[in-house]
Amino acid sequence: MPDAGYSSDEMMTIAAARMIRNGASLFVGIGLPSAAANLARLTHAPETVLIYESGTIGTKPSVLPLSIGDGELSETAESVVSVPEMFAYWLQGGRIDLGFLGAAQIDRFANINTTVIGDYRKPSTRLPGAGGAPEIAASCKEVLIALRHNKRAFVNKLDFLTSSGHMEGGDSRERMKLPGKGPTAVITDLGILTPDPVTRELTLTSLHPGVTAEKVVESTGWPLKVAPKLETTAPPSETELRVLRDLNERTKRAHAGQA
Amino acid sequence: MVRDGDTVALEGFTHLIPFAAGHEIIRQRRRNLTLIRMTPDLIYDQLIGAGCAAKLVFSWGGNPGVGSLHRLRDAVENDWPAPLALEEHAHAGMAAAYAAGASHLPFGVLRGYLGTDLPKYNPKIKFIECPFTGEKLAAVPAHRPDVTVVHAQKADRKGNVLMWGVVGVQKEAVLAAKRSIVTVEEIVDRLDAPPNAVVLPSWVVGAVCAVKGGAFPSYAQGYYPRNNAFYKQWDGIAREREGFQQWIERHVMGTKDFDGFQRSLEAAVKHA
């Protein structure tokens, strides 16, 4: 999309932000989830309660944090709790509406891998690991996942299952008695995938402007199901783009400077 | 207080990471340590690259917002400078293990790990049935470090320690340990701690040591911000073995203490 006036990453962040409803409590990971969550808070969802795993609840950062526990987060938080309290009372306690995760690999049932590429004991790439993700994926009422769409990420079989999505599909997640509903949407730089209501297999339901279904299918490592009635994602509005770019610019300035 | 072969926890969740103490462990050439920490961060990247560690117990091993910890990856992927055994958890499991350690309970319990591959590779993650409801829950053995080191904002002359802001698992990690060391930004006559602030009373703390700026490049709320630029720079410093070794030799091994380290870094920036 050379002449769209926005990048595919901006479209992804904005599409993800739109999924956040005003007033929801939201457990946010660093990176794209954090950008999308703050964009939502600065546009259509000002009452969103942002929670980061460092223990900061109801935080309102003016720049995006580089780490999950930047001072900016605790200084603007309504409450700061210890990490054991965060994971026990707030997350496992089932108080959080929406979890928002990234991933290195995802499969057709939206199970995700953030641990290793290759064999666990002799990995070709050692990734950071689980962090808070397994219990975010398990205990938040709903989960959103955002990542770039390509065959390395959208794989037929995960090298490691770090965080549970819809397991083997159908009612397998319910049978495992995971508390939350699991992933309800996967937002990529090409479109939006949602789980089929019965099989729970990810289905392409929306294409970002200028993207073809063939392109998405080609970028997926399993035979991707495409919804019979495909929607087109609304392009970024001027306000969305302006707020996102301002946020990124402020962040860049804040993180630069002398080491 | 840290001996070869010890199990050591240097805690601080992004905030108040005890870098000065970590450097001193490197200077003293401690070896064969089992390092426990939720987020290894640059501090364990340094200890691992410097050859201090035999085993890592952790739940998220990246450079936050930047990318990989290259020294950790090199140890796991290529056994350099030595093989590193991993005991890998999720944050919720680590938090439960520390809380159990602080309670001197044998294990922590959590609603976690369901459906994930982590229990296949970490035999310390087990599942139990709730005796009251029958719910399947995860259990992890308590963390009981030989030594825990944390950094805090201040202590008074008796050794009572005050910290605030993102307090992570520091309190649990200190109470779980057999011995503990707290480095602080300053030692004051009166703590003036507000009620409910995190105060570690002197009788649960082994030793207190004033190290101004001792959490750099992480931060101490109320004193100095996180040096995000350094976290980004670390990616280049630690990417190759040679660059890392030169940095450690020059700025850590080649200096006497954390003041010396900071002066050495400043001099390097001036000459850059």
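Throughout, protein chains are lettered first and strands after them, A, B, ... in sequence-line order, and every chain is numbered starting at 1.
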Contact class of [X] relative to chain A, heavy atoms under 4.5 angstrom:
X	result
M38(B)	side chain
K232(B)	side chain
L265(B)	neither
Y219(B)	side chain
E172(B)	side chain
A96(B)	neither

When you check the gap from the basic side-chain N to the acidic O, do [X] and [Y] get nearer than 4.0 Å?
X	Y	answer
D74(B)	R241(B)	yes
R111(B)	E135(B)	yes
R200(A)	D196(A)	no

Point to revise | Closest approach of A16(A) to I187(A) (non-hydrogen atoms, all atoms of both residues) | key: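 Nearest heavy atoms, A16(A) then I187(A): N-CG2, 3.8 Å.
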Exercise for review: Provide the full list of salt bridge (Lys or Arg N to Asp or Glu O under 4.0 Å) pairs with a residue in residues 108-129 of chain A, sequence neighbours left out, each pair given once.
Suggested key: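 Matches after skipping sequence neighbours: R126(A)-E88(B).
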Point to revise | By ring pair (Phe, Tyr, Trp, His ring centres under 6.0 Å) - contacts of H91(B) (at least two apart) | key: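 H91(B) satisfies ring pair (Phe, Tyr, Trp, His ring centres under 6.0 Å) with F87(A), F13(B) once adjacent residues are dropped.
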Between [options], which has the largest tally of heavy atom pairs under 4.5 Å with chain A?
options	answer
Q170(B), K171(B), H15(B), R226(B)	R226(B)
L69(B), V166(B), V76(B)	V166(B)
G108(B), A90(B), S218(B), P217(B)	A90(B)

Review point. Chain B: which of A130(A), P84(A), A88(A) shares the most heavy-atom pairs with it under 4.5 Å?
Key: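 Heavy-atom pair counts peak at P84(A).
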Check your understanding: Do you know which of A138(A), S139(A), G129(A), G55(A) has the most heavy-atom pairs with chain B at a distance under 4.5 angstrom?
Key ->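 Sorted descending by pairs with chain B, the first entry is G129(A).
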Review point. Can you pull out the residues in residues 62-72 of chain A with any heavy atom less than 4.5 Å from chain B?
Key: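 Interface residues of residues 62-72 of chain A: L66(A), S67(A), I68(A), G69(A), D70(A), G71(A).
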Exercise for review: Return yes if some donor-acceptor pair links the side-chain N/O of T59(A) with the main-chain N/O of L73(A) below 3.5 Å, else return no.
Suggested key: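 Present.
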Verify the distance criterion only: is there a donor paired with an acceptor across the side chains of [X] and [Y] at less than 3.5 Å?
X	Y	result
S25(A)	D97(A)	yes
E240(B)	H70(B)	no
R245(A)	N248(A)	no

Report which part of [X] has an atom under 4.5 Å of a heavy atom belonging to chain B: side chain, backbone, both, or neither.
X	answer
Q92(A)	both
E85(A)	neither
S82(A)	both
T125(A)	both
M176(A)	both

Exercise for review: Give a yes or no on whether the ring-centroid distance for F160(A) and Y120(A) is below 6.0 angstrom.
Suggested key: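 Yes.
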Review point. Taking the six-membered ring for Trp, is the centroid-to-centroid distance between Y52(A) and F27(A) below 6.0 Å?
Key: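 Not under 6.0 Å, so no.
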Check your understanding: Out of curiosity, L193(A) CG to E201(A) CD, how far, rounded to the nearest 0.5 Å?
Key ->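 Nearest 0.5 Å value for the CG-CD distance: 10.0 Å.
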Review point. Roughly how far, to the nearest 0.5 Å, is CG of N122(B) from CG of D117(B)?
Key: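 Taking CG in D117(B) and CG in N122(B), the distance rounds to 12.5 Å.
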**Study point:** Interface residues of residues 55-67 of chain B facing chain A - heavy atom cut-off under 4.5 Å
**Key:**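 The stretch touches chain A at F58(B), S59(B), W60(B), G61(B), G62(B), P64(B), G65(B), V66(B).
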Point to revise | Parallel, tilted or perpendicular: ring planes of Y113(B) versus H89(B), cut at 30 and 60 degrees | key: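 Tilted.
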Check your understanding: Between F261(B) and H23(B), what is the ring plane arrangement, given parallel below 30°, perpendicular above 60°, and tilted in between?
Key ->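 Plane angle over 60°, so perpendicular.
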Exercise for review: Take K177(A) and K136(B) through the test side-chain contact (heavy atoms from CB on, under 4.5 Å) and record every step on the way to the result.
Suggested key: CA-CA 8 Å; K177(A) 297 204 168 16; K136(B) 188 180 175 187; over 6 Å; no
